[in-house]
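Side-chain atoms are counted along with the backbone in the values below, which use heavy atoms only and exclude waters and symmetry mates.
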Amino acid sequence: MGRYVLRRLLQLVPVFVGTTFIIFVLVWAVPGDPFTGMCGDRPCPPQFVAAMTDKYNLNDNVIVQYLKYMSALLTGDFGTTYSEQSVGELIGLAAPVSLRLAVVAVTIEAVIGVTAGVLTGLRGRGFLDNLVLVSTLFLIAIPTFVTGFVIQIVLGFQLAILNPTVSADATWGELIIPGFVLGSLSMAYVSRLTRTSISENRRADYMRTALAKGLPKSRIVGVHLLRNSAIPVLTFLGTDIGNLMGGAIVTEGIFGIHGVGRLVYDGIIDKQGSIVVGVVVLLVVVFLVVNLLIDLTYAVLDPRIRYD
C-alpha cells in the first residue's frame, strides 16, 4: 500500500504541472489591456503601463512567467492582483465557503440519489421506478440556473420560507437550498448510476452463488450487492467535489454567495489572470487528492482489489 501511494503521488506531479501550465497559457493568451480602468476613464500613462508590465513580468515569454509563478507558488505565494491584493488571501476567504457548499451538495446528491437508486434497483420496474425515472429526466433537462431562480422566487420571494440570498457568513443551514440546486443535476445522475449498477450486479455470478449457499438476504444485499455496486457511484461522487467547487459560478451568483466561483468570475471580468490561475491550482490539488483517496477506498469496498 505504501509503495502504491508513493507511486500515485509521483504520478500526480506531471498531471499538476501540465494542468497548471495549460491554464496559465490560456490566461496569458487572453487579449486586451489588463490595466484598463485602473486610471479612471482616461488611458493609463505609458510610464505607468511600463512600470506595471515590468513589475508583473509581462514582457517575459509565457514559459519564463510560468517558471517564476511556480517558484513563488512553492513558497506558498499565489501572487498579487494588479490592484495589490493578495491572491492567497482572496482564495482563503472564498475557498471555505465553496468547500462547504460543495460538501452540502455532495451530501444531498449522495443521500437522495443513492437512496432512490437503491430502492429502484432492488425493486425493479414499478411505480417508484417510473417516478424516479421521470423526476431524474426532469432534473437533467432543466438547466441549473432555472432550478435556482424558480426555487429562489417561489420559496424566497413568494412564500418567504427562506432568505433569497445567503449572508456573508454562509452558514451550513443557509447553504442547504443552494447546495440542493448545485447538486440537483448530479443527484439525477447518481440515482441512475446506482440503479444501473445494482441491476447489473443482481444478475452477476457471485450473486447466484451467494443465493445458492443460503446466505441471509440482508447479507447478500448489504455485503455483496451494495458494496460492489458502490464503486462507480463513489468514483462519480469523489470527482464531483472538484467539479462542484469550480462550477458553482451560476449558483453562487443567484444566491449571492461569495465563493470560489464568484471569485473566478470577477477575475475573468477584471482580467486578473493571477486570480484565475490561483483558483485553478487549488481546484487541481483538491481534484487530485480526492481521486487518490477514492482509489484507496476501492480495496475497502472490494476485497479482490489489492495494491502492491
Side-chain angles (χ1 to χ4, degrees), residues 23 26-27 30 32 34 36-37 78 81-83 85-109 112 138-190 239-287:
I23 191 62
L26 293 176
V27 172
V30 172
T36 300
F78 282 82
T81 66
Y82 298 132
S83 56
Q85 290 181 291
S86 172
V87 176
E89 292 180 0
L90 294 175
I91 295 177
L93 294 174
V97 179
S98 291
L99 182 60
R100 288 199 298 269
L101 179 61
V103 170
V104 171
V106 170
T107 302
I108 291 175
E109 69 183 61
I112 300 178
F138 184 78
L139 291 175
I140 293 173
I142 296 181
T144 303
F145 67 88
V146 175
T147 305
F149 276 124
V150 170
I151 291 179
Q152 185 185 53
I153 292 173
V154 174
L155 299 182
F157 293 105
Q158 294 182 354
L159 300 179
I161 298 177
L162 52 85
N163 293 326
T165 58
V166 175
S167 66
D169 296 333
T171 61
W172 290 97
E174 292 178 315
L175 294 176
I176 292 178
I177 298 301
F180 175 83
V181 173
L182 181 61
S184 58
L185 179 61
S186 297
M187 181 173 61
Y189 287 130
V190 168
T239 56
D240 207 32
I241 294 179
N243 296 332
L244 292 176
M245 286 188 64
I249 296 178
V250 174
T251 304
E252 291 181 359
I254 292 174
F255 294 96
I257 302 173
H258 297 283
V260 168
R262 186 72 171 270
L263 185 62
V264 171
Y265 176 79
D266 293 339
I268 294 174
I269 295 299
D270 298 334
K271 296 185 176 63
Q272 299 284 358
S274 58
I275 294 179
V276 179
V277 175
V279 172
V280 170
V281 168
L282 173 65
L283 295 180
V284 169
V285 171
V286 171
F287 185 83

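- In this structure the side chain of Val87 reaches within 4.5 angstrom of the side chain of Thr81, judged on heavy atoms.
- Rounding to the nearest 0.5 Å gives a distance of 9.0 Å between OG1 of Thr239 and CG of Leu244.
- In this structure, the side chain of Gln152 engages the main chain of Ile254 through a donor-acceptor pair within 3.5 Å.
- Across all their heavy atoms, Leu263 and Ala94 have their closest contact at CD2-CB, 4.2 Å.
- In this structure, CG on Leu139 lies 5.0 Å from CE on Met187, to the nearest 0.5 angstrom.
- From His258, atom NE2 reaches atom OG of Ser98 across 11.5 Å, with rounding to the nearest 0.5 Å.
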* Report the C-alpha distance between Ile275 and Val264 in whole Å, list the side-chain angles of each, state the deciding distance to 0.1 Å, and finish with yes or no for side-chain contact (heavy atoms from CB on, under 4.5 Å). => CA-CA 7 Å; Ile275 294 179; Val264 171; 5.6 Å; no

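- Asp240 places none of its side-chain heavy atoms less than 4.5 Å from the side chain of Tyr189.
- Side chains of Leu90 and Phe78 form no contact here, defined as non-hydrogen atoms less than 4.5 Å apart.
- Counting only heavy atoms from C-beta outward, the side chains of Arg262 and Asp266 approach each other to under 4.5 Å.
- Between Phe157 and Pro164, the closest heavy-atom pair is CZ-CB, 3.6 Å.
- Atom CZ in Phe149 sits 12.0 Å away from atom OG1 in Thr144 (nearest 0.5 Å).
- Panel note: side chain Glu109, backbone Ser186; no donor-acceptor pair is recorded below 3.5 Å.
- Rounded to the nearest 0.5 angstrom, Tyr265 OH and Ile249 CD1 are separated by 9.0 Å.
- Here Ile241 contributes atom CD1 and Leu283 contributes atom CG; the two are 12.0 Å apart, rounded to the nearest 0.5 Å.
- Closest heavy-atom contact between Thr147 and Ile142: OG1-CG2, 3.6 Å.
- At least one donor-acceptor pair closer than 3.5 Å links the side chain of Gln272 to the backbone N or O of Tyr82.
- Across Ile140 and Ala188, no two heavy atoms sit closer than the pair CG1-CB, 3.7 Å.
- Contact between Ala170 and Val97 at its shortest, heavy atoms only, is CB-CG1, 3.8 Å.
- For Val181 against Thr251, the heavy-atom pair with the smallest separation is CG1-OG1, 4.3 Å.
- With respect to Ile257, the side-chain contact (heavy atoms from CB on, under 4.5 Å) criterion is satisfied by exactly one of Leu175, Thr165, Leu182: Leu175.
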